[in-house]
Amino acid sequence: MQSPQSTESNLLPLVPAYDSILGLMPYQTGKPVEELTREYGVSDVVKLASNENPLGCSPHVTLAITEQLGELARYPDGNGYYLKQALADVNDVNVEQITLGNGSSDLLYILASSFAGSDDAIIYSQYAFIIYPMLAKMQGATGIEIPASRFGHDLKAMSQAVADNPNTKMVFIANPNNPTGTQLAHEELRAFVASVPRSVLVVLDEAYIEYSPESNNRALLDEFDNVIIVRTFSKAYGLAGLRVGYALSSVPVADLLNRIRQPFNVSRVALAAAAAALADQDFIEESRLNNQEQMRWLEKQFDALGLGFIKSHANFIMVEIEVEMEDITAASIHQALLEQGVIVRPLEGYGLPNWLRITIGVAEDNMRLIDTLRSILTDDL
Ligand SMILES: Cc1ncc(COP(=O)(O)O)c(C=O)c1O
């Protein structure tokens, strides 16, 4: 096996567009269930690592997918007519304000390639979604990380950073934020957007909005044409495996994004599934309810175990592992949980080595997590 360094040097003299690309590390995904089964031989795996919906997806999706199976030889509708129509109705926007993506990550990449170049700066918060600094590196742009305030975005400091860096082209804000689960108040966010020049694109990443509908900042779109809202069908809608996301923006921004995106970036199956999922808001309500109930239950269990956590507005929770024995760390607990078939997310990559991010599961998954965690902590202490 080659080390990353040797792969890198073997690439030379094929020089990437920007030196910063050499500093990129591939995005670390949550460990797939199949991989854990292969590596540790555990069959009964609980995955609480990628903020997926533990209830699956709406039963209507199955029928919608089945209807597409006879049409797989045909390209999808490159404009996503029906899905865009449905999204326009639900979000009270014009169809021309919508851009579809192969997951919302696709849209984040399209946004960065459309707006940021090597002379530009991209601003984001410490402890925000790890893709944002990667996008800056990818575009050869200057990434500016603003220290977090109580694990969330410090919007005053971010506004000051925009003022101090006139080459700022984009600001990424995740609300609720991943991995910390923090939420921003409407007024604070509105004041931030009002404080930055209209030439700065403010990307509001609302991947977890269905779990926290009160965080919805759709209204900002009517007031500011430099705001763009990015959402996904991967989380509450339970379609992570299909890859569908969408962006709501002003018409000129959508027009630009539509020039950059691949012509058929959302598959025919994914388009049909997303439209069916969107129509089933009862399923979203059920998912939100499970999340709320189980979040409260888990908070109580963490309290009982003496573990700190950050109040979360999404479908995951960040837990602090601050055990006073040298051999117990978040990394060792993550590993011990893996060996017993429970996958959670370590956060060293986010600069949070003492924390684990745990996706809220169904009651059975969460009980298994807590029982396993308790036995690891009590065995070791
Ligand atoms: C804040 C945030 N934005 C975007 C995404 C990307 O999700 P997807 O590409 O599956 O839509 C994620 C996934 O974890 C996320 O947490």
Side-chain angles (χ1 to χ4, degrees), residues 26-32 47-54 56-57 80 83 87 98-113 122 124-136 138 148 151-153 170-184 189 202-212 215-217 228-248 257 261-262 265-267 270-271 273-274 277-278 291 310 312-318 343-347 349-350 352 355 357-360:
Y27 178 79
Q28 296 290 313
T29 59
K31 206 181 238 314
K47 185 181 175 204
L48 302 172
S50 300
N51 306 338
E52 297 148 336
N53 188 336
C57 64
L83 178 57
L87 285 168
I98 303 173
T99 314
L100 299 179
N102 188 238
S104 60
S105 334
D106 186 28
L107 290 157
L108 298 174
Y109 277 75
I110 294 169
L111 274 161
S113 7
I122 299 183
Y124 42 83
S125 173
Q126 181 188 23
Y127 310 141
F129 189 37
I130 210 157
I131 292 275
Y132 312 149
M134 291 175 71
L135 294 174
M138 180 184 98
F151 293 97
H153 296 63
M170 312 178 73
V171 179
F172 285 100
I173 294 173
N175 188 45
N177 184 40
N178 174 20
T180 59
T182 51
Q183 184 189 48
L184 291 161
L189 197 52
V202 179
V203 181
L204 299 181
D205 183 342
E206 294 189 341
Y208 301 95
I209 200 68
E210 294 80 11
Y211 290 106
S212 184
S215 304
N216 185 335
N217 278 292
I228 175 154
I229 293 178
V230 179
R231 300 207 184 127
T232 183
F233 282 89
S234 298
K235 307 300 176 182
Y237 284 101
L239 300 182
L242 276 179
R243 320 298 305 126
V244 199
Y246 64 99
L248 307 175
L257 303 184
R261 72 173 176 86
Q262 286 183 42
N265 61 336
V266 186
S267 78
L271 285 171
L278 188 67
N291 192 64
I310 305 288
S312 170
H313 298 269
N315 67 337
F316 52 82
I317 186 163
M318 217 170 75
I343 317 177
V344 300
R345 192 61 161 264
L347 295 172
Y350 278 91
L352 293 161
W355 296 79
R357 191 195 66 196
I358 295 168
T359 303
I360 310 302

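One-based numbering, in listed order, for ligands and for the atoms of each.
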### Task
For R261 and T99, indicate whether the former's side chain and the latter's backbone hold a donor-acceptor pair under 3.5 Å.
no

### Message
I'd like the contact residues of ligand 1, where contact means a heavy atom below 4.0 Å.
### Response
G103, S104, S105, F129, N178, D205, A207, Y208, T232, S234, K235, R243

### Summary
Sorted by chain and number, sequence neighbours left out, salt bridge (charged side-chain N to carboxylate O under 4.0 Å, His left out) with R231 holds for E206

Show which side-chain atoms of residues 102-112 pair as donor or acceptor with protein atoms under 3.5 Å away, not counting sequence neighbours.
residue : atom : partner : partner atom : Å
N102    : ND2  : N265    : O            : 3.3
D106    : OD2  : N102    : N            : 2.8
D106    : OD2  : N265    : ND2          : 3.1

### Task
Could you give me the CA-CA distance, side-chain angles and deciding distance for H313 and T182, then say whether side chain to side chain contact (heavy atoms under 4.5 Å, CB included) is met?
CA-CA 6 Å; H313 298 269; T182 51; 5.7 Å; no

### Task
Indicate yes or no: does K235 engage E52 in a salt bridge with an N to O separation below 4.0 Å.
no

### All side-chain hydrogen bond (donor to acceptor under 3.5 Å, both in side chains) counterparts of Y237, not counting sequence neighbours
Q281

